[in-house]
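A short worksheet on the structure shown next.
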Amino acid sequence: MIPAINDQLTLNQQERLKAFLEQGLPLEHRPFKTLAKQLQTTEQALLDVVQQWQQQGLIRRFGLVIRHHALGYHANAMVVWDINDEYVQQVGAKLANEPVITLCYQRKRQRPEWPYNLFCMIHGKEKQQVCNEIKQIIARHQLQKIPYEILFSNKVYKQRGGRYSLRKS
């Protein structure tokens with residue numbers, strides 16, 4: 001538990017704020033103002049606490065959880081690449097700029113079973129569409145000689161935001 005360091009919100013208000021944040025921000029023009037009203041405080045006091053939590057590392061970032069399957073995106077693929085370590089940063093930067101790639105990151109290889117060191121996520125409604133996008137990316141960046149695999153997801157296990165509250169949801 002993060003101790004209360006901001007005396008503008010009581011501990012109870014801070015716990016309630018954590019619970020609200022776990023549920024996601026209200027889809028409104030000023031979501032923090034809406035939450036502040038529910039907690040009977042000011043928007044600025046609430047933002048100050050959230051900023052402190054970010055500085056403390058309790059909240060790393062605010063993001064959007066997209067439920068791809070609910071939107072009809074059932075062909076979701078992780079493309080894994082075995083790129084020479086000397087070029088992985090350069091290639092990763094290029095792939096990260098591809099509009100269809102929603103996630104791109106480097107990981108350590110786990111040899112001998114797992115030689116791949118660059119991972120890219122592509123979401124699509126049809127497998128053939130995703131495969132065509134990958135072919136185009138390979139051609140555009142001249143990656144024809146780079147070993148890779150396409151790993152389509154079979155099932156969604158979990159998609160949720162951060163958990164901060166001691167309260168059970």
Side-chain angles (χ1 to χ4, degrees), residues 2 15-39 46-47 50-51 53-54 56-83 88-111 113-144 146-169:
I2 301 293
E15 281 303 313
R16 290 179 56 211
L17 176 57
K18 290 175 190 174
F20 285 147
L21 294 177
E22 287 177 356
Q23 296 170 17
L25 295 176
L27 294 176
E28 297 178 15
H29 181 65
R30 295 180 71 175
F32 293 106
K33 185 174 183 178
T34 300
L35 294 178
K37 282 183 183 176
Q38 293 179 23
L39 294 173
L46 187 144
L47 288 171
V50 169
Q51 185 177 22
W53 288 345
Q54 287 181 303
Q56 293 173 333
L58 175 66
I59 297 173
R60 287 187 290 171
R61 65 183 177 92
F62 284 95
L64 182 66
V65 176
I66 298 173
R67 304 200 190 294
H68 303 94
H69 280 249
L71 295 173
Y73 288 83
H74 300 281
N76 304 308
M78 179 66 76
V79 185
V80 293
W81 308 85
D82 177 10
I83 298 178
V88 69
Q89 290 289 329
Q90 178 184 359
V91 174
K94 288 180 181 177
L95 295 180
N97 282 321
E98 285 287 337
V100 297
I101 293 178
T102 58
L103 180 68
C104 183
Y105 58 93
Q106 181 182 0
R107 280 192 165 179
K108 289 183 181 177
R109 303 170 196 275
Q110 301 296 319
R111 292 191 190 268
E113 295 85 10
W114 191 257
Y116 305 106
N117 61 343
L118 189 68
F119 298 67
C120 299
M121 191 75 200
I122 299 175
H123 299 280
K125 293 186 176 182
E126 304 288 336
K127 278 189 175 183
Q128 191 57 50
Q129 169 207 2
V130 171
C131 289
N132 289 341
E133 296 281 0
I134 294 167
K135 285 180 186 173
Q136 292 172 15
I137 289 169
I138 289 170
R140 203 166 24 254
H141 298 289
Q142 301 173 347
L143 301 173
Q144 294 86 350
I146 304 293
Y148 71 96
E149 286 190 46
I150 304 171
L151 309 170
F152 281 98
S153 60
N154 294 322
K155 186 174 182 178
V156 176
Y157 287 99
K158 187 177 188 179
Q159 285 184 300
R160 71 175 199 188
R163 295 290 177 245
Y164 315 109
S165 175
L166 298 175
R167 297 174 184 202
K168 298 194 182 219
S169 51

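The shown structure was predicted, so the numbers you read here are calculated from the model rather than taken from an experiment.
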side-chain hydrogen bond (donor to acceptor under 3.5 Å, both in side chains) evaluation trace for Asn132 with Gln128:
CA-CA 6 Å; Asn132 289 341; Gln128 191 57 50; 3.0 Å; yes
For the pair Leu95 and Leu143, evaluate side-chain contact (heavy atoms from CB on, under 4.5 Å) and give the outcome as yes or no after the intermediate values.
CA-CA 11 Å; Leu95 295 180; Leu143 301 173; 4.1 Å; yes
Apply side-chain contact (heavy atoms from CB on, under 4.5 Å) to the pair Leu21 and Leu35, showing each step before the final yes or no.
CA-CA 9 Å; Leu21 294 177; Leu35 294 178; 4.1 Å; yes
Does the side-chain contact (heavy atoms from CB on, under 4.5 Å) test come out yes or no for Tyr157 and Lys155, once each step is laid out?
CA-CA 6 Å; Tyr157 287 99; Lys155 186 174 182 178; 3.8 Å; yes
Can Ile122 and Ile150 be said to form a side-chain contact (heavy atoms from CB on, under 4.5 Å), step by step?
CA-CA 10 Å; Ile122 299 175; Ile150 304 171; over 6 Å; no
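In Arg111, the CZ atom is crowded: over 12 heavy atoms of neighbouring residues, nucleotides or ligands sit closer than 6.0 Å. In this structure, Gln142 places its CD atom where only 12 or fewer heavy-atom neighbours from other residues, nucleotides or ligands lie under 6.0 Å away. Counting non-hydrogen atoms of other residues, nucleotides and ligands closer than 6.0 Å to OH of Tyr73 gives a total of 12 or fewer. Residue Glu126 places its CD atom among 12 or fewer non-hydrogen atoms of other residues, nucleotides or ligands, all under 6.0 Å distant. Other residues, nucleotides and ligands place more than 12 heavy atoms under 6.0 Å from the CG atom of Leu71. Few gaps surround CD on Gln136; more than 12 heavy atoms of other groups in view lie less than 6.0 Å from it.
Taking all atoms of both residues into account, the shortest heavy-atom contact from Lys125 to Gly72 is CG-O, 3.3 Å. Residues Pro26 and Pro31 come closest through the heavy atom pair O-CB, 3.3 Å. Taking both residues in full, the closest heavy atoms of Leu46 and Ala36 are given as CD1-N, 3.6 Å, listed atom of the first, atom of the second, then distance. Here the shortest heavy-atom pairing between Ala75 and Lys127 reads CB-N, 3.4 Å. In terms of heavy-atom proximity, Cys104 sits nearest to Gly92 at SG-O, 3.7 Å.
Asp82 contributes atom CG, which lies 8.0 Å from atom CD1 of Ile146 (distance to the nearest 0.5 angstrom). Interatomic distance, Met121 CE to Leu151 CG, rounded to the nearest 0.5 Å: 9.5 Å. Atoms CZ and CH2, on Arg107 and Trp114 in that order, are 9.5 Å from each other to the nearest 0.5 Å. If you take CD on Glu22 and CG on Leu17, they are separated by 10.0 Å, rounding to the nearest 0.5 Å. Once rounded to the nearest 0.5 Å, the distance linking OH of Tyr164 with CD1 of Ile59 reads 5.0 Å. Distance check: His123 NE2 to Ile101 CD1 gives 11.0 Å after rounding to the nearest 0.5 Å.
Within the 4.5 Å cutoff, side-chain heavy atoms of Trp81 are placed close to those of Ile138. With contacts defined as side-chain heavy-atom distances shorter than 4.5 Å, the pair Val156/Asn76 does not qualify.
Taking the six-membered ring for Trp and thresholds of 30 and 60 degrees, His69 and His74 have ring planes more than 60 degrees apart, a perpendicular arrangement. Classified by interplanar angle (parallel below 30°, tilted 30° to 60°, perpendicular above 60°), the ring pair Phe32/Phe62 is perpendicular.
Here the side chain of Asn117 pairs a donor or acceptor atom with the backbone of Ile83 at under 3.5 angstrom.
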